[in-house]
Each structure stands twice: as structure tokens, then as C-alpha cells.
Protein chains: 2
Amino acid sequence: MTTRRVTLVDVARLAGVDKAIVSRVVNADPSLVIRPDTRERVLEAISNLGYRPNVAARSLRTAKAGTLGLVIPDFANPVYAEIITGAESAALARGHVLVTGSSTGAHSSMDRYLDLLGQGRVDGLMLAGPTTAREQQKLESLGLPWMMVNRRDTGEHHRFVILDDAQAAKLAVEHLLELGHRHIVHVAGPFGADTARRRATGYRQAMKNSTHPVRAEDIARGDYTPRGGAEATAELLRKSPGATAVFVANVAMAVGVLDTLRRAGLRVPEDVSVVAVHDLPLAEHLVPALTTVRMPLQELGARAVDLLLTSSPEDEVAEVVGTAMELVYRESTAPARP
Amino acid sequence: MTTRRVTLVDVARLAGVDKAIVSRVVNADPSLVIRPDTRERVLEAISNLGYRPNVAARSLRTAKAGTLGLVIPDFANPVYAEIITGAESAALARGHVLVTGSSTGAHSSMDRYLDLLGQGRVDGLMLAGPTTAREQQKLESLGLPWMMVNRRDTGEHHRFVILDDAQAAKLAVEHLLELGHRHIVHVAGPFGADTARRRATGYRQAMKNSTHPVRAEDIARGDYTPRGGAEATAELLRKSPGATAVFVANVAMAVGVLDTLRRAGLRVPEDVSVVAVHDLPLAEHLVPALTTVRMPLQELGARAVDLLLTSSPEDEVAEVVGTAMELVYRESTAPARP
DNA sequence: CTGAAAGCGCTTACAG
DNA sequence: CTGAAAGCGCTTACAG
């Protein structure tokens, strides 16, 4: 029972018109002038036959794939889950399908995806997360519209959308200052991540409102993992004793921070307050529930799609999505003891 | 500077052969007999021009899209992140691109995806998570090869891949029995989820080796969320006092279980042991770190892809992926006190 | 208001 | 060993 695909020709024959008419009805061609009863016959034929346009034929003809690509490092990272959700929603709203690939799987890599998606399979490509200069070069060579997400590109032709990480850091530090903390230390992210650099910058700026001047010993760097957060905390406990609060660059490291403080016999928030960036679902399930800064990750993904679709590939794009940031006050921060 | 796409014809002209030859070289046609120097010329032309086959044209001609679709409920759920990772890897290994969509976004829905992906955009479709009878009917009407993942389909023509949830439950309960627990209660998942039903069945079976017979009061149902776990635990505390261990159907509910036990003044694991299904990253970050049963979620995704690609759409598929299950012993379980 | 025709770029059976 | 030709299903400019 191999039922042949229903094509425009089948619909045209049933409706008694030319296939060009059917095509223009299907695509709601505004320049089409058609008698109501003719349109009715066409619509009926489409419905009766269960006609669906063949996307391959359409793509070949129009040179548009109707899909967008997004390459992320890892599906298991909830930060990217949020970005994907926002991007998918915006893509669908604009009539596109989103193809999301990860660059760290067993058979995948950024390179592999650039090959796979650079053959007319997608109309544009978004890269989230770390990218090498070689990858970026390859990306440009594909001749596809592209966009970096949550990361500044390294080339001279900028096309990126990021969040206001400095502002997020300020919100966190200001929260601690309001609670009366002065000696606030920072568990920063890896040097290579520019989100980490921007959060560290925001920390330094906000600390100008503290009576405690920031010294090199007040900052320790981790690799955005729980273990990295644990090691950085151990380092700070040695280098910067007396701190009453910690601003942590991400939630994963905060897990290690909480653990190390606990093992050192310090209570959170009674002895030390802790606040971290990104209000991931995990945050409220930690003990104590983690105070965080919520950033508009979904909107970041949505904005990337919009810009990819509406900007000309030659345009420079350097946008900071700055809406809807807020401090989520939970159990891990409390007033400094007098 | 609108550089026209490089096509087969361009390559053929440069290499001084017909485009049919180029096509067969590109696709490594085994029936092709060609002089080494001719092949060399073709390869060189491809490389010099940076030729990439147009996938739309190829799809139109071969009636194969080279992509597979996977619809999940939610990107933020780490269980699906694992399934995606495994499916993506298997798809790439077989030369396919995976399109993953979520059915709960602002502009998406299962229905929307079934429309979007049922137009020759994908060669097959996998559905993970809950599906209505209507959706399943629509799925079948698309005439696409399909597969249910982590869930049995409700139709009469079975095509599903699931994990051995009953066996996972047995591993968990046996672990508790070995630790000396006898009165073990169960926080079960929602009635509608067949993963939940299978885990409950496994619990009952394994409890036959306990001196404590399972009564209705030993089981409470939650909706797979932290809040649901909390409420079920409160119910069990009332209905089934004296239990020394809890088997929880998933990690999300376990978060609520731990919280409720703590508020009730019970210590984990000193007073009550807790074990849950799926070794998600979250598990080791809870306090106390959660003992879990690790199930091969990535392999589940990979197997779904393999079966989708290798089985004929008319075949019945009812596979249980049973490899590599193991108990991960952490801090939330301990020997029963004598 | 509607129809005929060209052509997007590829693959494949066939001819030589 | 290599070339010529048909045709996948659609869109679009043009003719009538």
C-alpha cells in the first residue's frame, strides 16, 4: 500500500484549475485575483486530498530552507535549555523550524555541524557558547547569515547578542550591600568566558559603593563547575579571611561554594551570604535555597532569532538584552551581623 | 557581491566531465568505474570551488530529507536532555540531522510540530513523553515512520522503546532491603505516566522479599514535581508511620521528599533512607546527596533512532533497553538501625 | 481572472 | 569508462 504523495497537480486536476492557481492559493499570494467559487473548489480539493506542500521542492525553487540552526555546547546545561526554548518559540512565530545541535556529543562537534548545516539546510546559524577562531572563520566562509549568542564574537565584523552581565553582578552586589555586607568576595568564572569577565567587571564597579576596597585577594577564579567553585572558595578562605558574603559567577559553582563553606564550619546565611547569577530551577532546590539574579535567557534566544532574520548579513549587530532582570531573594543571603 | 551558489554543473565544467560523473563521485557510487586521474580532476574541482551539494535538490530527487524529528515536552527537563544527546549522536552517526522540538513553548505544541514536520521535512518522527490519542492518530496519518520513546503507545500497532523501569525499582528496593530496611514506602508518579506504573509494579514485586507486606497505605502518588513529592510524603507520614525508607519514582519529587522529612524533624539518612530513579546531575548536589538508580537514557535515545531507521514502518517494535543499569550509592541511604 | 512554461540542482537508468 | 536526458514538485514572470 504505497500511496503516492499528493502533489499540486493532483489538487489542480481535482479542482479543475492549473497548478499555478493552487500554488498561489496555498501561499496566500496577495496579487492573486480569484473568483470565490474557484478558491472554494481549490480549498476543498486540498482538504479532500490532504495535500501538504513538499518542502524540498519549495526550498529548491525559492532557495529558502525555512529552518534556522542553533549550535550549543551541551543539552544538559540548563542555561542553554532556556536559550533554546526562547529561540524555538521565536522561530516558530516567524514560520521557521529550529534545528538545535550540540557540539560535544560522541559524533558531533562544532565542525561537524558547520558542515552538516552549511548545505542549504538552514537559512541562518546561531552559535551559543565558546567558539574557536577557526570555527568562526569557517562559519563566515559558509556564506550564511550568522549570530553569536551569549558571547561576543572575536572577529572584526560583530554579530552578537548578549545579556547585561555587568548589570546582573551589580544587582547581586547591591543586594549584599543593602544587607549591610562590606567585605564581599567574588568567585569568578574562567578567563576565557566573556560572561565571566563582564560579571567580574560589574562586581568591581558595584564594590565602589562599599567601604571595603577590592583587592586581588578578594577574587578567585573557577571553571563554572561545582568543583571549580569549591576550590575557589577554599582559596578565598585562605587569602581573604573575614569576608561575610560571596558573589558567585554561576549556579554550578555556587553548589561547590555552599559545600566548601559547610565543610569549613561556616553557616549560610548566618556566617556567610551567597548569591549567584542565573535563576536556574536548581537554585531553589539547594540547601539553603540560593538567592540569585534572574536574567532573560529565553528573551536572549528569541532576540537572536529575530535579529538573524531581520538584519542583513552585512550589518553589524551588537545588542545587549537588558530587560527583566531581577534579584530573587531566597535563603542563602541575610543581613550582616552588626 | 552576491556570489551564485556553486553547483554540480560548475564542478563538471571545471573538471571537464559530465555532471553525472561528479554526482557519482560525490556520493561514492560503488557502481562507478572511473579512471584515477579523472576522479582526481573531479575532486580537485570540488575542492577548488568549495562545492557543497544542495540538500533541497537532493531531497526532492531522492524523496529523503536526511533529517529525523524528535518532539519532547520540555528542554528544561534533564531527563529529555539525556535522551536528546543520545538520539543526536546516533542520528549523526547514521548521516542524519536531528530536529528537536518542544511541545510546551509559547508558539509550539505537539500539533504544531506534527504539521511542521509532516511535510517531507523529516524522514521519521520520535515522540517522547505524554501523547494524547488524538495526537497519536494524527501522527499515524502523516504516513511517516514513527516511534514512541520512553512511553508505550496507546494504539494497537506498537512502536515504542522504553527502559526497564520495573527493574530500576527493584534495584532501588533491593538496595534498601540489603541495608536492613523492611518497612519501605513508595512515592509513586502520576497515574497517567506509564513509567510511573512500571516503577510501582517493580516496587511491589521487590517488596515480596521484605517481611513487611505492602498495603495501600504504603504508596502515595505525586505528579513528578517537588511539590507533588512533598505532599505525598506528608500523606505517607500520616498513613504509614514507622517507615524507615522511601523509594521515590523520580528525582524532582525526591527534592520535595527531602524537604518534607527535614521539616518533620526526621534526619536523612539517620532516621529515613531515600532513593530515587534517574541519576540526574542534580542528585549529587542535593543535601544529603541522593542515592539513585542510573538508567541508560542516552542509549534509549540512540536506540530509538536506530530502530526508526532500520525497521520497516509496518513492523511492530516493542523494545526494552535493559543495559547498564546501576545503583549509585550516595548519602541519602544508610543501614537501618537495629 | 486563469493557463502554459521555464527552471531551481540534483540522481539515476540507459545509451554508447 | 563517460554523456545525454528525464524528472522530482514547486514558484513565478508572462501571456492571454
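Because the structure is a prediction, the values reported are computed rather than measured. Numbered from 1 within each chain, the chains take letters A, B, ... in sequence-line order.
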* Asked: Closest to the R5(B) side chain: dG9(C), dA4(C), dC10(D)?
  -> dG9(C)

* According to the interplanar angle, ranging from 0 to 90°, do the rings of F75(A) and F75(B) count as parallel (below 30°), tilted (30 to 60°) or perpendicular (above 60°)? -> parallel

* **CD-CG distance between E88(A) and L68(A), expressed to the nearest 0.5 angstrom** => 12.0 Å

* Asked: When you measure from the side chain of R61(A), which nucleotide among dT12(D), dG3(D), dA5(C) comes out closest?
  -> dT12(D)

* To do: Measure from the side-chain heavy atoms of L32(B) and tell me the nearest of dT2(D), dA4(D), dC10(C).
  => dT2(D)

* Candidates dT12(C), dC10(D), dG3(C) - which lies nearest the side chain of I21(A) -> dG3(C)

* To do: Could you please name the option among dC10(C), dC1(C), dA4(C) that lies closest to any side-chain atom of V33(A)?
  => dC1(C)

* To do: Answer yes when D10(B) and R5(B) have at least one side-chain N-carboxylate O distance shorter than 4.0 Å, and no when they do not.
  => no

* **Identity of whatever pairs with dA4(C) - Watson-Crick or G-U, under 3.5 angstrom** => none

* If dA13(D) has a Watson-Crick or G-U wobble mate with both distances under 3.5 Å, name it; if not, just say none. => none

* **Atom pair distance, as rounded to whole Å: NZ in K64(B) and C1' in dG9(D)** => 16 Å

* Considering only dC10(C), dC1(D), dG3(D), which nucleotide approaches the side chain of R58(B) most closely? -> dC10(C)

* Asked: Nearest nucleotide by nearest heavy atom, which residue falls closer to the 5' end of DNA chain D, L60(B) or G16(B)?
  -> G16(B)

* In whole angstroms, how far is the P atom of dC10(D) from the OH atom of Y51(A)? -> 3 Å

* Answer yes or no: does a side-chain N or O of R39(B) lie under 4.0 Å from OP1 or OP2 of dC1(D)? => no

* Asked: Is the shortest side-chain N/O distance from S23(A) to OP1 or OP2 of dT11(D) below 4.0 Å?
  -> yes

* Asked: Taking only side-chain nitrogens and oxygens of N27(A), does any of them come within less than 4.0 Å of OP1 or OP2 of dT11(D)?
  -> yes

* **Among dT2(C), dT11(D), dG3(D), the one nearest T38(A) by side-chain distance** => dT2(C)

* Starting from the 5' end of DNA chain C, give me the residue, D29(B) or A57(A), whose nearest nucleotide shows up first. => A57(A)

* Spell out, as yes or no, whether a donor-acceptor pair under 3.5 Å connects the side chain of T100(A) to the backbone of L70(A). => no

* Is the phosphate of dC1(C), meaning OP1 or OP2, less than 4.0 Å from a side-chain N or O of R35(A)? -> no

* Asked: What does I34(B) touch in the nucleic acid at a heavy-atom separation under 4.0 angstrom: a base, only the sugar-phosphate, or nothing?
  -> sugar-phosphate

* How long is the line joining CZ of R13(A) and C1' of dG9(D), in whole Å? -> 13 Å

* Looking at the side chain of K19(B), which of dC8(D), dG3(C), dC10(C) is the nearest nucleotide? -> dC10(C)

* Is it true that D153(B) and R159(B) make a salt bridge, defined as a side-chain N closer than 4.0 Å to a carboxylate O? -> no

* Of the nucleotides dC10(D), dC1(D), dT12(D), which one has an atom closest to the side chain of R24(A)? -> dT12(D)

